[in-house]
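Letters go in sequence order (proteins before strands), and every chain restarts at 1.
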Amino acid sequence: AQTVTQSQPEMSVQEAETVTLSCTYDTSESNYYLFWYKQPPSRQMILVIRQEAYKQQNATENRFSVNFQKAAKSFSLKISDSQLGDTAMYFCAFMKTSGAGSYQLTFGKGTKLSVIP
Amino acid sequence: GAVVSQHPSWVICKSGTSVKIECRSLDFQATTMFWYRQFPKQSLMLMATSNEGSKATYEQGVEKDKFLINHASLTLSTLTVTSAHPEDSSFYICSAPASFFGGIGVDEQFFGPGTRLTVL
């Protein structure tokens, strides 16, 4: 079974500054995806960024980037130039892509990010 | 990206009644859908995997007779909470795996907007 650990229950950052959210995971799978999802007060889950495990290059999406350390099983999210709209819960998630239980998401407990004006 | 809808978005019911929640994939076919439960300020917990044309697979600790799942078509899965009690009050979310680019493979999950269930 997979586990995902987010060790920072809450974080805050000043507007326009940079913040990094941590995530570690444990798995014996070789084929998987890692995701960061954002859940604003509306509670709609929004994909922030995706990383394929076989890719060594870290994924980036505009102000969002990840530091994927496969050997260390670490998958941190960096948010640059933080904006007020980034205030939300952020969930790290793991998805295996083969075998029993494929495509199920395993979530971390989440990090509540507050962007301060 | 693909779109998943849920209905209703909010439902209030009396204790002992049953409530049905629908999850639809609007522009793609989903042979598999997932149902999650989320309590306030907590993470999403997988309840069950819904498979089109076959029985759902429930996670350990989830009562299959209480949470009935039917996946009768490639675009619709339903979750029925039977004999609901106040402790069943929660936020229920469905998701469907698909390709972000509309291809054959799976590289993402698409989430419905969720259903808030309040049992009085």
Side-chain angles (χ1 to χ4, degrees), chain A residues 1-11 21 23 25 29 31-55 59 61 87-114, chain B residues 1-6 8-10 23 25 28 30-52 56-62 77 90-101 103-117:
Chain A
Q2 289 67 234
T3 60
V4 177
T5 302
Q6 292 178 250
S7 59
Q8 306 150 315
E10 292 190 38
M11 294 190 72
L21 280 57
C23 173
Y25 63 97
E29 301 289 335
N31 301 314
Y32 56 90
Y33 281 82
L34 294 164
F35 304 91
W36 278 97
Y37 285 95
K38 169 184 177 181
Q39 189 180 42
S42 68
R43 304 187 81 170
Q44 170 74 59
M45 297 292 283
I46 300 168
L47 177 66
V48 174
I49 201 164
R50 169 202 308 108
Q51 174 79 44
E52 297 95 321
Y54 66 86
K55 287 190 176 180
E61 287 288 341
T87 294
M89 281 291 291
Y90 286 81
F91 293 100
C92 179
F94 173 100
M95 182 176 80
K96 60 182 285 190
T97 56
S98 61
S102 292
Y103 312 130
Q104 291 179 4
L105 283 173
T106 301
F107 288 92
K109 291 188 175 183
T111 297
K112 182 179 180 181
L113 177 67
S114 299
Chain B
V3 179
V4 174
S5 69
Q6 271 184 254
S9 56
W10 194 1
C23 177
S25 56
F28 68 103
T31 56
T32 300
M33 290 183 176
F34 298 101
W35 287 95
Y36 302 87
R37 185 173 182 176
Q38 186 180 32
F39 289 109
K41 299 183 180 182
Q42 293 189 22
S43 187
L44 284 74
M45 294 301 296
L46 179 67
M47 298 176 65
T49 301
S50 173
N51 302 298
E52 189 268 334
T57 304
Y58 292 83
E59 296 300 300
Q60 192 172 9
V62 177
S77 175
S90 188
F91 194 68
Y92 294 87
I93 305 174
C94 70
S95 75
S99 168
F100 180 79
F101 298 105
I104 297 174
V106 172
D107 59 7
E108 192 178 332
Q109 292 274 347
F110 295 92
F111 286 86
T115 296
R116 184 187 304 275
L117 171 63

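Residue B:Glu59 touches chain A through its side chain alone, counting heavy-atom pairs closer than 4.5 Å. At a 4.5 Å heavy-atom cutoff, the contact between B:Pro97 and chain A is made by side-chain atoms alone. Only the backbone of B:Gln42 comes within contact range of chain A, with at least one heavy atom under 4.5 Å from a heavy atom of that chain. For chain B, the nearby part of A:Ser102 is the backbone; its heavy atoms alone come within less than 4.5 Å. Heavy atoms closer than 4.5 Å to chain A are found in both the backbone and the side chain of B:Leu44. Using a 4.5 Å cut-off between heavy atoms, A:Glu52 does not touch chain B at all. For chain B, no part of A:Met89 is nearby; none of its heavy atoms comes within less than 4.5 Å.
Contact tally against chain A (heavy-atom pairs below 4.5 Å) for B:Pro113, B:Gly112, B:Ser95: the top residue is B:Pro113. Between chain A and the options B:Met45, B:Gln38, B:Lys41, B:Arg116, heavy-atom pairs under 4.5 Å are most frequent for B:Gln38.
The two residues A:Gly110 and A:Gln6 come nearest to each other via the heavy atoms N-OE1, 3.1 Å. Closest approach of A:Pro40 and A:Gln44 over heavy atoms only: CD-O, 3.2 Å.
Using the six-membered ring where Trp is involved, A:Tyr37 and B:Phe111 have ring planes that are perpendicular, over 60° apart on the 30 and 60° scheme. Using cut-offs of 30° and 60° for the angle between ring planes, the A:Phe91 and A:Phe107 rings count as perpendicular. Relative ring orientation between A:Phe94 and A:Tyr25 is described as tilted, the plane-to-plane angle lying within the 30° to 60° band.
At least one side-chain heavy atom of B:Glu108 sits under 4.5 Å from a side-chain heavy atom of B:Phe110.
Remark: side-chain polar atoms of B:Gln6 are paired, donor with acceptor, to backbone N or O of B:Tyr92 under 3.5 angstrom.
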